[in-house]
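Everything on this sheet refers to the single structure shown next.
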Amino acid sequence: MKKNLTALMAGLVFGLGLTVSQMVNPDKVLSFLDIFGSWDPSLAFVMGSALAVTAVGYFVVGKRETPLFAEKFEIPGKREIDAPLAIGAVLFGIGWGLVGLCPGPAISALSLGGLKVIGFFAAMAGGMAIFQFTKRYWAGES
Amino acid sequence: MDMFTPVSASIGGALIGLSAVMLMLLNGRIAGISGILSGIALAGSGDKIWRALFVLGLIIAPVLVWLVSGEKPVFQMDASWPLIVLGGLFVGFGTRLGSGCTSGHGVCGLSRLSKRSLVSVLLFMGAGMATVAILQLVLGG
């Protein structure tokens with residue numbers, strides 16, 4: 001299936017980006033978050049560059065009716081800014097600041113970081129599972 | 001701590017953007033990693049394999065860089081085990097509750113000018129910076 005092959009390619013390119021930019025390196029990420037200490041602004045360039053390419057690319061792709069290998073574009077339709085969005089973002093940010101890994105790098109670093117990354121990944125999957133089992137208590141989830 | 005590396009950061013960022021555009025143009029999907037990952041367990045059967053392959057690509061990439069450059073990509077993770085477990089739980093739970101992470105809200109959401117994503121990015125960046133600052137105080141850094 002074409003969409004499987006293209007997803008593998010996209011994952012590979014994404015992972016190359018994470019590796020080349022050093023987003024996979026927790027030490028580098030933490031020194032970006034350390035604005036009151038020895039701040040290294042490099043990762044702002046990752047975000048800036050990724051946003052520039054994606055914004056232009058999405059604009060061009062947005063002129064199409066359908067994607068090449070799927071029936072339709074699947075775009076999140078939700079608009080309202082609610083408590084789950086805000087609380088989830090804060091919790092995620094705390095976890096990110098504790099270790100220096102967000103989900104993409106946590107996956108890519110599985111091939112680099114040994115047992116500690118596997119432990120982080122397992123805990124992250126556990127956190128996702130906890131959400132799944134308790135989500136009926138969180139109004140407005142998606 | 002680390003050296004300032006704006007060139008490799010910008011090249012890496014452009015590759016991340018390229019991947020996001022590829023996934024949208026080819027498959028019509030947002031490149032949101034927390035959503036793609038959790039979908040391996042949760043999505044319908046016809047929708048699992050591409051997600052698993054995207055994740056596989058993420059895992060292979062550092063090895064490819066390693067093979068081509070002949071050097072292991074720099075990886076330094078100093079967090080203690082209790083922090084690793086706590087951090088992982090928070091990242092997993094938070095990204096699901098908040099419907100996205102650095103990729104889905106940060107790269108894809110901001111590129112679509114989503115207000116939800118802007119709020120998310122400001123909050124997780126702020127929370128991450130505050131957490132690092134507090135840790136530095138507690139650990140006496």
Side-chain angles (χ1 to χ4, degrees), chain A residues 3-4 6-8 10-17 19-21 25-27 31 33-34 36 38 40 42 45-46 49-50 53-55 57-58 61 67-70 73 81 84 88-99 102-104 107-108 111-113 120 123-124 127-128 131 142, chain B residues 1-2 5-6 9-10 12-17 19-28 33-34 38 50 53-54 57-59 61-63 65 74-77 79 83-85 87-99 101-102 107 111 119-120 123-124 127-129 131-133:
Chain A
K3 77 167 183 179
N4 293 334
T6 50
L8 176 65
L12 200 60
V13 173
F14 202 108
L16 290 177
T19 310
V20 169
S21 67
N25 182 6
D27 191 45
S31 63
L33 293 176
D34 189 16
F36 302 112
S38 52
D40 170 7
S42 302
F45 287 74
V46 183
S49 174
V53 172
T54 310
Y58 274 12
V61 173
L68 287 172
F69 303 132
F73 291 110
I81 289 153
V90 169
L91 292 177
F92 161 45
I94 292 171
W96 193 32
L98 287 177
V99 180
C102 54
I107 296 170
S108 280
S111 57
L112 286 178
F120 181 87
M124 182 173 87
M128 290 179 166
F131 169 77
S142 62
Chain B
M1 215 176 193
D2 280 288
T5 52
S10 301
L15 287 169
I16 292 170
S19 167
V21 176
M22 281 169 68
L23 203 62
M24 184 58 73
L25 171 66
L26 300 168
N27 292 12
I33 312 268
S34 51
S38 57
W50 74 265
L53 286 169
F54 184 92
L58 282 177
I59 298 174
V63 181
V65 172
V74 181
F75 182 87
Q76 176 80 32
M77 180 164 165
L83 287 188
I84 288 172
V85 173
L89 285 169
F90 272 53
V91 169
F93 186 88
T95 52
R96 293 298 297 142
L97 180 64
S99 316
C101 58
T102 334
V107 176
S111 292
V119 169
S120 171
L123 287 175
F124 72 65
M129 287 169 173
T131 303
V132 170

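Each chain gets a letter, A, B and so on, in the order its sequence line appears, and its residues count up from 1.
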Considering non-hydrogen atoms only, spot the tightest contact between [X] and [Y] and give its length.
X: B:Gly87; Y: A:Val99; result: CA-CG2, 4.1 Å
X: B:Phe54; Y: A:Ala10; result: CE1-C, 3.6 Å
X: B:Val65; Y: A:Leu16; result: CG2-CD2, 3.6 Å
X: A:Ala123; Y: B:Val85; result: CB-O, 3.5 Å
X: A:Gly97; Y: B:Val132; result: O-CG2, 3.6 Å
X: B:Phe90; Y: A:Gly95; result: CB-CA, 3.7 Å

>> With side-chain contact (heavy atoms from CB on, under 4.5 Å) as the criterion, how do B:Leu26 and A:Lys3 come out once you've worked through the C-alpha distance, each side chain's angles and the decisive distance to 0.1 Å?
In response: CA-CA 7 Å; B:Leu26 300 168; A:Lys3 77 167 183 179; over 6 Å; no
Heavy-atom distances under 4.5 Å only: say whether [X] touches chain B with side chain, backbone, both or neither.
X: A:Val13; value: both
X: A:Thr19; value: side chain
X: A:Phe120; value: both

Which one, [options], leads in non-hydrogen pairs under 4.5 Å with chain A?
options: B:Ala20, B:Pro62, B:Ala133; value: B:Pro62
options: B:Cys101, B:Gly88, B:Gly98, B:Gly17; value: B:Gly88
options: B:Leu15, B:Val21, B:Leu58; value: B:Leu58
options: B:Val119, B:Leu123, B:Val91, B:Thr95; value: B:Val91
options: B:Ser111, B:Gly12, B:Gly94; value: B:Ser111

Do [X] and [Y] make a side-chain contact, defined as non-hydrogen atoms from C-beta onward lying under 4.5 Å apart?
X: B:Thr102; Y: A:Phe92; answer: yes
X: B:Ser34; Y: A:Met128; answer: yes
X: A:Phe14; Y: B:Leu23; answer: no

Judged by atom type as modelled, is there a donor-acceptor pair below 3.5 Å linking the side chain of [X] to the main-chain atoms of [Y]?
X: B:Ser120; Y: A:Ala89; answer: no
X: B:Ser19; Y: A:Gly11; answer: no
X: A:Ser42; Y: B:Thr5; answer: yes
X: A:Asp27; Y: B:Met77; answer: no

>> Does any backbone or side-chain atom of B:Met22 lie under 4.5 Å from a heavy atom of chain A? Answer side chain, backbone, both or neither.
In response: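 B:Met22 touches chain A through side-chain heavy atoms alone.
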>> What part of B:Val107 gets within 4.5 angstrom of chain A, counting heavy atoms only: side chain, backbone, both, or neither?
In response: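 Looking at B:Val107, backbone and side chain both touch chain A.
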Taking every non-hydrogen pair under 4.5 Å, which of [options] racks up the most with chain B?
options: A:Cys102, A:Pro103, A:Ala70; answer: A:Pro103
options: A:Phe69, A:Tyr58, A:Phe36; answer: A:Tyr58
options: A:Pro67, A:Gly15, A:Ala55; answer: A:Pro67
options: A:Ser108, A:Ser111, A:Gly104, A:Gly113; answer: A:Ser108

What distance separates [X] [atom1] from [Y] [atom2], expressed to the nearest 0.5 Å?
X: A:Asn4; Y: B:Trp50; atom1: CG; atom2: CH2; answer: 10.0 Å
X: B:Leu89; Y: A:Ile94; atom1: CG; atom2: CD1; answer: 13.0 Å
X: B:Leu25; Y: A:Phe73; atom1: CG; atom2: CZ; answer: 7.0 Å
X: B:Phe124; Y: A:Leu91; atom1: CZ; atom2: CG; answer: 13.5 Å

